[in-house]
K.L.:
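Before anything else, here's the structure in question.
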2 protein chains.
Amino acid sequence: MVRVRMADVAARAGVSTATVSMVLSGGKGKRISPETQQRVREAAEAVGYRTNSVARSLRTQQTRMVGLISDTIASTPYAGRMLAGANDVAREQGHLVVLVDTERDVEAERLALHALTGQQVDALIYACMWHRVVEVPSGLPEDAVLLDCAPATGARAAVVPDERAGGAAAVRELVAAGHRRIAFLDAEERFGLVASRLRYEGYLQVLAEAGIEPDPALHVRAEPVAGGGREAAGRLLDLSAERRPTAMFCFNDRMAMGAYAAAHRRELSIPDDLSIVGYDDQQLIAAELDPPLTTIALPHYEMGRWAMEVALGVRQADPAVPHLMPCPIIRRASVGPPPAQFGD
Amino acid sequence: MVRVRMADVAARAGVSTATVSMVLSGGKGKRISPETQQRVREAAEAVGYRTNSVARSLRTQQTRMVGLISDTIASTPYAGRMLAGANDVAREQGHLVVLVDTERDVEAERLALHALTGQQVDALIYACMWHRVVEVPSGLPEDAVLLDCAPATGARAAVVPDERAGGAAAVRELVAAGHRRIAFLDAEERFGLVASRLRYEGYLQVLAEAGIEPDPALHVRAEPVAGGGREAAGRLLDLSAERRPTAMFCFNDRMAMGAYAAAHRRELSIPDDLSIVGYDDQQLIAAELDPPLTTIALPHYEMGRWAMEVALGVRQADPAVPHLMPCPIIRRASVGPPPAQFGD
DNA sequence: CCGGCTCGTTTAATCGATTAACTGGAGGTT
DNA sequence: AACCTCCAGTTAATCGATTAAACGAGCCGG
């Protein structure tokens with residue numbers, strides 16, 4: 001590939017490189033006569049000139065690149081939406097995203113940080129692929145933005161889903177449908193999920209608002225996968241009629257998928273006999289269950305956007321406290337009124 | 001952030017920048033005395049020097065960055081595995097990945113190409129998030145690698161899944177279990193899926209090998225989602241006993257999920273009454289169905305690796321024909337022998 | 001004692017664009 | 001006529017590293 005330099009354009013247009021630069025890099029500074037501009041542009045077009053951003057970056061000290069360090073691109077299907085949000089904003093702002101996946105390896109993280117700062121990126125985003133509290137790696141610049149994680153110590157611009165409000169919305173949906181015996185199929189504590197505690201808080205809050213005494217027997221824990229959900233839902237459905245829940249709020253859509261299986265196995269129909277709300281709005285699951293699952297969406301795309309907007313200075317952020325991104329409820333068909341014998 | 005230049009290190013070590021450069025950029029060319037090397041390294045460490053790769057890139061004409069243009073990061077959960085494969089190789093080779101998502105917009109594609117070539121990336125990968133034939137965008141360098149797509153015209157290094165072999169493996173698994181009436185739940189033609197045709201070819205090939213006359217009634221098409229699978233599977237299961245299939249090969253795991261639902265609704269047990277094989281090994285679906293789904297995995301990670309290896313010259317590729325990456329079968333629990341009355 | 005050879009290091013050109021400072025000439029003012 | 005002001009563009013320094021070529025000191029052989 002032949003590289004065309006600015007000098008080549010200048011020569012062809014019969015002007016200096018300075019003139020070419022001024023014409024091509026927008027109308028700042030001195031004004032160049034329209035004829036000359038025209039001539040330069042034609043020359044550039046003719047020789048197929050493309051400005052070399054490495055050289056420009058060296059001179060201007062900005063690369064129009066943003067580093068995105070993430071712990072794992074691979075293992076979750078959420079990643080895409082978050083990247084998409086970040087990427088969209090980057091493009092809108094004329095920036096490129098440089099992606100590094102550290103696979104949760106501290107050494108890899110250090111190297112990535114070196115590589116990116118060496119690369120003179122204009123901004124940095126540190127992303128987790130599921131909501132958690134992180135020890136900020138040393139060497140992470142002050143103005144880096146945390147995406148889907150909150151700093152264990154210190155103040156940093158950060159954005160996380162508003163899990164508490166999401167949990168509340170889920171339960172509120174069930175309360176509104178008339179349910180009073182609402183179970184929470186939670187993740188086991190050993191997974192140490194921030195989301196687990198917060199969604200539970202939302203659950204309790206709405207029960208309190210509705211004047212429903214929480215029944216500890218309805219807060220069950222299992223592994224947050226389909227199998228765990230099936231097993232936990234099974235236990236609940238095998239309770240005596242008066243103790244059995246008429247609705248379940250599941251920690252995630254996979255558990256909800258398991259709850260569907262448990263209900264079907266017992267010939268219970270959703271939502272006639274049992275209402276279910278999930279969490280995550282997992283692509284290819286939630287919408288495809290039968291009936292489609294009412295669930296709370298994680299705002300990955302929006303968080304990705306937010307982080308990139310803050311990183312590029314398009315939006316201000318208060319570093320003192322993580323920004324809470326709302327988790328909208330996605331109403332589908334898994335919630336209905338409780339069965340008649342439980343109605344009012 | 002104070003920027004430390006090589007000159008600062010040189011000053012502190014009492015040598016020239018040339019010496020610092022030679023010490024720091026590996027032991028090529030002239031040899032520097034061990035004492036000086038030591039001194040330089042200490043100085044660099046002391047002032048916290050980090051080489052400015054923009055400057056280096058300008059001089060050496062290589063950026064150690066690889067551009068990855070993809071049509072949609074967002075809409076599929078596969079993307080992650082492909083990125084992960086590419087990213088891993090890039091890291092092994094000391095390169096960074098610059099990601100651009102064009103969202104299938106031709107204009108965005110053109111801009112991305114400009115941005116990346118302007119950025120002087122050392123290599124380019126053009127990725128699709130599902131297997132298809134693409135019109136290679138004009139301006140894509142000759143040595144760019146195509147990932148999960150084949151060029152409509154011209155010869156390019158490219159890698160795609162071996163769908164035909166995958167389809168064959170799926171059907172062979174069923175034949176081996178003793179099935180003779182094997183349905184193919186295909187995607188509708190209007191989606192124009194390359195994979196559809198190839199998997200069907202694999203299906204036919206294995207039937208032929210096994211001496212089974214293909215029954216056109218067992219090749220049904222539907223929308224390739226759970227609902228389509230449910231409906232198509234339902235139609236097949238409602239056939240008379242002697243026409244009904246004992247096994248189904250589904251175009252993808254979502255359709256398989258629908259087939260499960262159809263079977264359950266008819267009180268058929270998997271795999272006792274019906275065997276099912278899917279395709280994609282979709283995370284969070286295949287393994288979580290009950291029983292876990294036997295399926296064919298799309299080798300996204302491996303294709304990502306392959307593309308990056310070719311892009312970086314670690315591996316040679318024949319541009320004349322796309323490289324076919326094997327799709328391994330993932331055996332779980334949805335395949336068994338046909339029901340007794342159909343056995344031999 | 002001098003030319004030649006190593007060895008370790010420095011000098012200086014270079015990559016390609018940006019931009020502050022300057023220039024030369026047209027036109028205006030007093 | 002002398003001086004100022006614009007205008008349209010040029011000159012040259014600069015960003016920070018790499019590297020071919022040059023350099024000087026020490027050593028050896030004749």
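First the proteins, then the strands, lettered A, B, ... as listed; each starts at 1.
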K.L.:
Please figure out whether A/Gln37 or B/Val54 has its closest DNA chain D nucleotide nearer the 5' end.
P.N.:
A/Gln37
K.L.:
B/Tyr49 side chain: which of D/dA17, D/dG9, C/dT11 is closest?
P.N.:
D/dA17
K.L.:
Using a cut-off of strictly less than 4.0 Å, decide whether A/Gln61 has a side-chain nitrogen or oxygen near OP1 or OP2 of D/dG16.
P.N.:
yes
K.L.:
At under 4.0 Å between heavy atoms, what does A/Val20 touch on the DNA or RNA strands: base, sugar-phosphate, or nothing?
P.N.:
nothing
K.L.:
Quick test of your reading of the model: are B/Arg110 and B/Glu107 salt-bridged, counting only N-O distances below 4.0 Å?
P.N.:
yes
K.L.:
Nearest of D/dA8, C/dG8, C/dT10 to any side-chain atom of B/Ser33?
P.N.:
C/dG8
K.L.:
Of the options C/dA17, C/dT9, D/dT18, whose atoms approach the side-chain atoms of B/Thr17 most closely?
P.N.:
D/dT18
K.L.:
Are the charged groups of B/Arg305 and B/Glu92 less than 4.0 angstrom apart, N to O?
P.N.:
yes
K.L.:
Atom CG of B/Leu58 and atom P of C/dT18: how far apart are they, to the nearest Å?
P.N.:
12 Å
K.L.:
In whole Å, I'd like the distance from the CE atom of B/Met22 to the P atom of D/dA21.
P.N.:
13 Å
K.L.:
Using only side-chain N and O atoms of A/Thr36, determine if any of them is under 4.0 Å from OP1 or OP2 of D/dA8.
P.N.:
no
K.L.:
Compare the minimum distances between each of D/dG9, D/dA17, D/dT10 and the side chain of A/Ser16, then state the nucleotide with the smallest one.
P.N.:
D/dT10
K.L.:
In this structure, how many angstroms lie between the C1' atom of C/dG8 and the CD atom of B/Gln38, rounded?
P.N.:
17 Å
K.L.:
Under 4.0 Å between a side-chain N/O of A/Arg31 and OP1 or OP2 of D/dC7, yes or no?
P.N.:
yes
K.L.:
Once you round it to whole Å, what is the distance between C1' of D/dG16 and CG of B/Asp8?
P.N.:
11 Å
K.L.:
Taking only the side-chain nitrogens and oxygens of B/Arg56, find out if one of them lies under 4.0 Å from OP1 or OP2 of D/dG16.
P.N.:
no
K.L.:
Kindly give the heavy-atom pair with the smallest separation between B/Asp71 and B/Met129, and that separation in Å.
P.N.:
OD1-N, 3.1 Å
K.L.:
Between C/dG16 atom P and A/Leu24 atom CG, what is the distance in whole Å?
P.N.:
16 Å
K.L.:
Look at the side-chain N and O atoms of B/Ser25 and state whether any lies under 4.0 Å from the OP1 or OP2 oxygen of D/dT18.
P.N.:
yes
K.L.:
For D/dG16, does OP1 or OP2 lie under 4.0 Å from any side-chain N or O of B/Thr51?
P.N.:
no
K.L.:
Rounded to the Å, how far apart are A/Arg39 CZ and D/dG9 P?
P.N.:
7 Å
K.L.:
Can you work out whether A/Thr60 or B/Thr19 has the more 5'-proximal nearest nucleotide on DNA chain C?
P.N.:
B/Thr19
K.L.:
Any donor-acceptor pair under 3.5 Å linking the side chain of A/Ser33 with the backbone of A/Thr36?
P.N.:
yes
K.L.:
Using modelled atom types only, decide if a donor and an acceptor are shared between the side chain of B/Thr63 and the backbone of B/Ser57 within a distance under 3.5 Å.
P.N.:
no
K.L.:
Nearest whole Å is fine: how far is D/dC15 P from B/Asn52 CG?
P.N.:
12 Å
K.L.:
Reckon B/Arg3 has a side-chain N or O less than 4.0 Å from the OP1 or OP2 of D/dG16?
P.N.:
yes
K.L.:
Which nucleotide in the list C/dT18, D/dT19, C/dT10 gets nearest to the side chain of B/Arg59?
P.N.:
D/dT19
K.L.:
Considering only C/dT10, D/dG16, D/dT18, which nucleotide approaches the side chain of B/Arg5 most closely?
P.N.:
D/dG16
K.L.:
When you look at B/Glu103 and A/Arg91, which way does the salt bridge (charged side-chain N to carboxylate O under 4.0 Å, His left out) test go after all the steps?
P.N.:
CA-CA 11 Å; B/Glu103 280 163 11; A/Arg91 194 177 50 225; 3.6 Å; yes
K.L.:
In whole Å, I'd like the distance from the CZ atom of A/Arg50 to the C1' atom of C/dG16.
P.N.:
16 Å
